[in-house]
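Read through the structure below, which is laid out as structure tokens, and then see the notes.
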2 protein chains.
Amino acid sequence: MTGMTAPDTSFSPAGSPRPGLRERKKIKTREAIRTATYALVEEQGYEATTIEQIAERAEVSPSTVFRYFPTKEDIVLTDEYDPLIMEELRARPADEPWPDSLRHVIRRAISLGMKDSHAVSRLRTRLMVEVPSVRSRMMESMSETGRMLCQAIGERTGRDPGSLEVRVYAMSIVGGLMETSMYWAEQDHAPDFEALVDRALDVIEHGLPQENH
Amino acid sequence: MTGMTAPDTSFSPAGSPRPGLRERKKIKTREAIRTATYALVEEQGYEATTIEQIAERAEVSPSTVFRYFPTKEDIVLTDEYDPLIMEELRARPADEPWPDSLRHVIRRAISLGMKDSHAVSRLRTRLMVEVPSVRSRMMESMSETGRMLCQAIGERTGRDPGSLEVRVYAMSIVGGLMETSMYWAEQDHAPDFEALVDRALDVIEHGLPQENH
DNA sequence: TATATTTTGACAGCTACTCTCATTTCATGG
DNA sequence: CCATGAAATGAGAGTAGCTGTCAAAATATA
């Protein structure tokens with residue numbers, strides 16, 4: 001989602017030599033930094049948490065923190081689902097109507113994202129609502145997701161992925177889903193997220209339903 | 001658009017005492033800072049331009065710059081059209097179909113925004129494409145515009161402005177228009193912007209047109 | 001002209017972030 | 001098992017955005 005190199009967390013596939021000590025250490029460090037950050041943010045809030053504190057708790061130097069994550073927001077937000085989404089999208093049957101494919105894939109992405117641990121998903125979306133800089137960073141990464149969506153739409157429909165129409169369509173989806181996440185967080189994560197996403201996609205596909213206020 | 005107090009640039013309406021010396025100086029300072037910023041950014045680029053340089057050229061102290069604009073990005077981006085948009089929207093006839101009202105108002109907002117001077121509009125959108133932090137800030141302010149749109153939709157359709165459906169609808173419009181601006185900037189501002197916006201609104205209203213690649 | 005209020009400037013301070021360079025840690029070939 | 005090369009790390013200095021405080025200057029009011 002942010003263009004960073006995705007660490008391979010899956011158990012090593014047969015045939016490929018298992019990663020060396022260096023790779024394993026890298027992954028461990030990365031996770032240590034993230035874990036430390038989550039804990040500190042829960043304890044003291046986002047702004048009050050400094051890179052130095054994170055470094056100290058993760059038992060690395062501040063420079064190392066920046067070597068792993070370009071910005072503080074990225075420590076909280078980074079995920080690497082975009083390639084997965086692309087893959088899933090390509091795997092859908094070619095004759096399936098586009099909106100259906102989209103629905104399936106997004107639903108799958110959500111269940112993957114939730115797997116991270118419910119607590120983390122909730123913290124993320126809460127920070128998204130509360131901390132402007134985090135929200136900004138999130139929007140940045142969503143616009144990258146938008147680009148990827150354009151690509152997928154292009155492959156699927158034979159359209160030019162760079163055309164205004166495709167780009168607008170993709171960004172309106174991304175914007176709508178982002179708002180859905182924020183809505184969910186504002187409701188204290190009480191509603192069922194997948195149901196919200198379904199309603200959001202309905203709106204994007206068919207416009208506002210007839211007024212029944 | 002950014003929640004800042006909008007300076008009253010309109011000629012003083014009859015009956016209201018003309019602004020005192022203080023108000024006039026404030027406006028002058030504000031414009032001096034902006035003008036200095038635009039010039040410096042054109043000369044050296046955005047990142048290379050520091051607040052100190054801006055302050056020096058505008059002949060104020062750095063602290064004053066921050067007193068007028070909360071962040072560096074705001075100096076470039078701030079505009080105050082949201083209240084205008086709301087007003088225009090309320091002025092449309094109540095029986096006009098919603099999409100038509102939207103189209104009219106957006107078109108009007110554009111022509112107002114362009115009036116600023118074509119050069120400034122172009123610089124803004126260019127920075128939006130090139131400088132991530134500016135793009136982020138822009139997205140922030142667009143999400144505020146989204147909130148306002150929700151309000152307007154609520155007033156117009158009698159719907160709850162805080163409902164998921166309305167919010168998703170508003171944000172998908174805002175996202176689509178944002179992408180349209182970026183597209184325009186990427187094409188070196190060659191296409192007619194209003195035509196692009198029309199195409200974008202078509203996509204949002206009716207989905208992607210039938211494939212005619 | 002005297003007084004109250006607002007605006008400004010100077011300064012100090014914090015923190016995210018960058019860059020450089022020496023040191024340590026791991027991989028590899030003999 | 002050891003020597004060589006490469007990669008990761010740590011330490012430190014430096015930049016710049018941004019916040020706060022407080023005294024001085026400019027402006028309004030009486």
Side-chain angles (χ1 to χ4, degrees), chain A residues 2 4-5 7 17-34 36-37 40-41 44-78 127 131-137 140, chain B residues 2 4-5 7 16-33 36-37 40-41 44-78 127 131-137 140:
Chain A
T2 57
M4 318 192 63
T5 56
R18 73 196 58 73
L21 182 54
R22 271 203 170 125
E23 291 298 312
R24 274 176 285 157
K25 266 213 157 178
K26 264 210 225 174
I27 296 178
K28 258 181 71 177
T29 309
R30 202 181 170 81
E31 280 179 9
I33 294 173
R34 252 213 273 253
T37 307
L40 284 167
V41 168
Q44 336 171 329
Y46 179 82
E47 323 257 8
T49 301
T50 75
I51 301 282
E52 275 192 46
Q53 292 174 330
I54 294 172
E56 194 184 347
R57 185 168 297 203
E59 297 187 299
V60 292
S61 76
S63 3
T64 301
V65 175
F66 284 113
R67 214 170 273 120
Y68 278 82
F69 299 93
T71 75
K72 191 176 158 189
E73 294 87 38
D74 280 297
I75 309 179
V76 179
L77 286 179
T78 310
L127 290 177
V131 184
S133 67
V134 173
R135 182 168 52 239
S136 284
R137 187 65 193 81
E140 268 298 291
Chain B
T2 57
M4 318 192 63
T5 57
S16 92
R18 73 196 57 73
L21 183 53
R22 263 188 182 141
E23 291 297 314
R24 274 176 285 156
K25 266 214 157 178
K26 263 209 226 175
I27 296 178
K28 259 182 69 177
T29 308
R30 201 181 171 80
E31 279 179 9
I33 294 173
T37 306
L40 284 167
V41 168
Q44 335 170 330
Y46 179 82
E47 322 257 8
T49 301
T50 76
I51 302 281
E52 275 191 46
Q53 293 175 330
I54 295 172
E56 194 184 348
R57 185 169 297 203
E59 298 188 299
V60 292
S61 77
S63 6
T64 303
V65 175
F66 284 114
R67 211 169 276 120
Y68 278 81
F69 299 92
T71 75
K72 192 176 159 190
E73 293 88 40
D74 281 296
I75 308 178
V76 179
L77 285 179
T78 310
L127 289 176
V131 183
S133 68
V134 173
R135 182 168 51 238
S136 283
R137 187 68 193 81
E140 268 298 292

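The figures here come from the full heavy-atom set of this structure, side chains too, leaving out hydrogens, waters and symmetry mates. Just so it is clear, the structure is predicted and the values come from calculations on it, not from any experiment. Lettering of chains follows the sequences in order, A, B, ..., and the numbering in each one begins at 1.
- Between A:Leu77 and A:Leu127, every side-chain heavy-atom pair lies at or beyond the 4.5 Å cut-off.
- Spacing between atom CZ of A:Phe66 and atom C1' of D:dG12 amounts to 14 Å, rounded to whole angstrom units.
- Taking only side-chain atoms of A:Arg22, from C-beta outward, the nucleotide of C:dC26, D:dG17, C:dT18 with the closest atom is C:dC26.
- The 12-atom threshold is not exceeded at CD of A:Glu59, counting heavy atoms of other residues, nucleotides or ligands nearer than 6.0 Å.
- Taking atom CD1 on B:Ile51 and atom C1' on C:dG9, their separation rounds to 16 Å, with Å as the unit.
- Counting only heavy atoms from C-beta on, A:Arg67 has its side chain closest to D:dG10 among C:dA16, D:dG10, C:dC17.
- Regarding A:Ile33, its CD1 atom lies at a distance of 13 Å from the P atom of D:dA8, rounded to whole Å.
- At a cut-off of 3.5 Å, with distance as the only test, a side-chain donor of A:Thr71 or A:Glu73 sits close to an acceptor on the other residue.
- Closest approach to the B:Glu73 side chain among C:dC26, C:dT8, D:dC18 is made by D:dC18 (side chain taken as heavy atoms from C-beta onward).
- As rounded to whole Å, 14 Å separates atom P of C:dA16 from atom CG of A:Asp74.
- Judged by distance alone with a 3.5 Å cut-off, no donor-acceptor contact links the side chain of A:Ser61 to the base of D:dA11.
- With rounding to whole Å, B:Phe69 atom CZ is found 14 Å from D:dT19 atom P.
- Side-chain contact check for A:Arg137 versus A:Glu140: some heavy-atom pair is nearer than 4.5 Å.
- Checking A:Ser136 against A:Ser133 by side-chain atom types alone, no donor-acceptor pair falls below 3.5 Å.
- Using a 4.0 Å heavy-atom criterion, one finds that A:Ser63 contacts the bases of the nucleic acid, with or without backbone contacts as well.
- The residue B:Thr49 sits close only to the backbone: its heavy atoms come under 4.0 Å of sugar-phosphate atoms, none of a base.
- Between B:Lys72 and D:dC18 there is no side-chain polar atom (N or O) within less than 4.0 angstrom of OP1 or OP2.
- In this structure, NZ of B:Lys25 is placed 8 Å from P of D:dA26, rounded to the nearest angstrom.
- Nearest nucleotide to the side chain of B:Thr50, out of C:dC17, D:dC18, D:dG17: D:dG17.
- Look at B:Thr64 and you won't find any side-chain N or O under 4.0 angstrom from OP1 or OP2 of C:dT8.
- Distance B:Glu52 CD to C:dG9 P: 14 Å, rounded to the nearest Å.
- Taking only side-chain nitrogens and oxygens, A:Lys26 comes nearer than 4.0 Å to OP1 or OP2 of D:dA8.
- If you measure from atom NZ of A:Lys28 to atom C1' of D:dT9, you get 15 Å, rounded to the nearest angstrom.
- When the side-chain nitrogen and oxygen atoms of A:Tyr68 are compared with OP1 and OP2 of D:dA8, none of them lie within a distance under 4.0 Å.
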